[in-house]
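Read the numbers this way: they start at 1 and go in the same order the structure lists the ligands and their atoms.
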Amino acid sequence: MPTPHIGAEKGDFAKTLIMPGDPLRAKYIAENFISNAKQVNEVRGMLGYTGTYNGKQVSVMASGMGMPSMGIYSYELFKFYDVESIIRIGTAGAISEKLKLRDIVLAMSCATNSNFASQYRLPGVPAPTSDYGLLKTAEEQAKKHGINAYVGSVFCSDTFYNDSYSVADWRKLGVLAIEMESAALYLNAARTGKKALCICTISDCPLTGESCSAEERQLTFDDMIKIALDCVQ
Ligand code: HPA
C-alpha cells in the first residue's frame, strides 16, 4: 500500500536499498549498474527503482537533502516496505585536515546539531551509529577495489549555510566531515531495529573553499556505488 510520500506497493522494494540524495543519481545507478531495473516510485520526483546486481535483489531511491527529507523516506521504507538495510551514498565537506577532495568516508557514527532525536524523549543524548556489519563489509569492499576509505565520525548538520559556527570546531573531537542526512537515517534504523550506513565522498572543503568539478564528482560517485552495491547480501 502506498504511503503519503512513496507510491510503490508493498513488495516493490528489495531488502537492501542504496540511497543517494539526488533523484537523477538514483536514475543513473538504475540505468548503469542495476539489471532489469523497474521504476517503483516517482512521487515528488523522488525516483526509486528495483532490480538485480550480481543476481541479488537491490533497490535504489533518492532521499532528497537534509534530515527532514531523509527522515521521512527512510522511516517509510523501514517501517512500511520492510526494507532491512539502507546505504546512503552522498557528498560531504572535509573537516579533518587529513581529508582531500574525492576521499571516501565511511560514517561510523555522527554528531549532530539537529533536534531529530528529541522525539524519543530520552534522558540523555543518543549516539547515531552505523550498522557494524555493513561498515565492516564496506571497508573490505573498498580495499578490494583499491579505494582508500576513512572510517570515523561525521557531523550531520541542519544547515548548509550557517551564520555563526565554524565547522573547524568539530576537529577537536576528531570529526572527519560534514553532511546533512546521516543522523536521521541512523536514528530511524535504531528505532525500527534495522541497519544503515552512510558512505560519503568529499566534494568540497568548506575551510579552504576548494570543491570538486562535476567530472570528479562523477568518478568518485562511481566508486561509492561500487562499494555500496558490493555490500548487498
Ligand atoms: N556542508 C554540509 N553538507 C555538505 C557539504 C558541506 O560543506 N558538502 C557536501 N555536503
*Output the list of atoms in ligand 1 that are nearer than 4.0 Å to some heavy atom of Glu179, sorted by atom number.*
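Counting from 1, the qualifying ligand atoms are 3 (N).
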_Numbered atoms of ligand 1 (with element) below 4.0 Å of Pro206, judged on heavy atoms_ =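 Those atoms are 7 (O).
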*Tell me, do Ile18 and Phe33 make a side-chain contact under 4.5 Å, heavy atoms counted?*
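SC-SC contact between Ile18 and Phe33 ruled out.
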*Is the number of heavy atoms from other residues, nucleotides or ligands under 6.0 Å of Lys27 NZ greater than 12?*
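For Lys27, atom NZ is not crowded (no more than 12 foreign heavy atoms under 6.0 Å).
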Specify the protein heavy atom at minimum distance from [atom]: its residue, its atom name, and the distance to 0.1 Å.
atom	value
atom 10 (N) of ligand 1	Thr91 O, 3.4 Å
atom 3 (N) of ligand 1	Met180 CG, 3.5 Å
atom 4 (C) of ligand 1	Ile178 O, 3.6 Å
atom 8 (N) of ligand 1	Asp204 OD1, 2.7 Å
atom 6 (C) of ligand 1	Phe160 CE1, 3.7 Å

_Derivation of the side-chain contact (heavy atoms from CB on, under 4.5 Å) call for Met61 and Asn41_ = CA-CA 8 Å; Met61 187 171 127; Asn41 188 56; 4.1 Å; yes
_Determine whether Val58 and Thr52 satisfy the following criterion, side-chain contact (heavy atoms from CB on, under 4.5 Å), listing intermediate values before the conclusion._
CA-CA 5 Å; Val58 65; Thr52 58; 5.9 Å; no
_Does the Lys NZ or Arg CZ of Arg25 fall within the cation-pi geometry relative to Phe221 - under 6.0 Å from the ring centre and within 45° of the axis?_
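Yes, cation above the ring, under 6.0 Å and within 45°.
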*Is there a donor-acceptor contact under 3.5 Å linking the side chains of Ser157 and Tyr165?*
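Yes, because at least one side-chain N or O of Ser157 sits under 3.5 Å from a partner of the opposite role on Tyr165.
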*Taking atom types as modelled, find out whether Asn162 and Thr159 have a side-chain donor-acceptor pair closer than 3.5 angstrom.*
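The answer is yes; a qualifying pair exists.
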*Under 4.0 Å from ligand 1, counting heavy atoms only, is it the side chain of Ser203, its backbone, both or neither?*
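The part of Ser203 near ligand 1 is the side chain, not the backbone.
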_In this structure, does ligand 1 have an atom that sits under 4.0 Å from one of the heavy atoms of Ala92?_
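Yes, that is the case, since the closest heavy atom of the residue is under 4.0 Å from the ligand.
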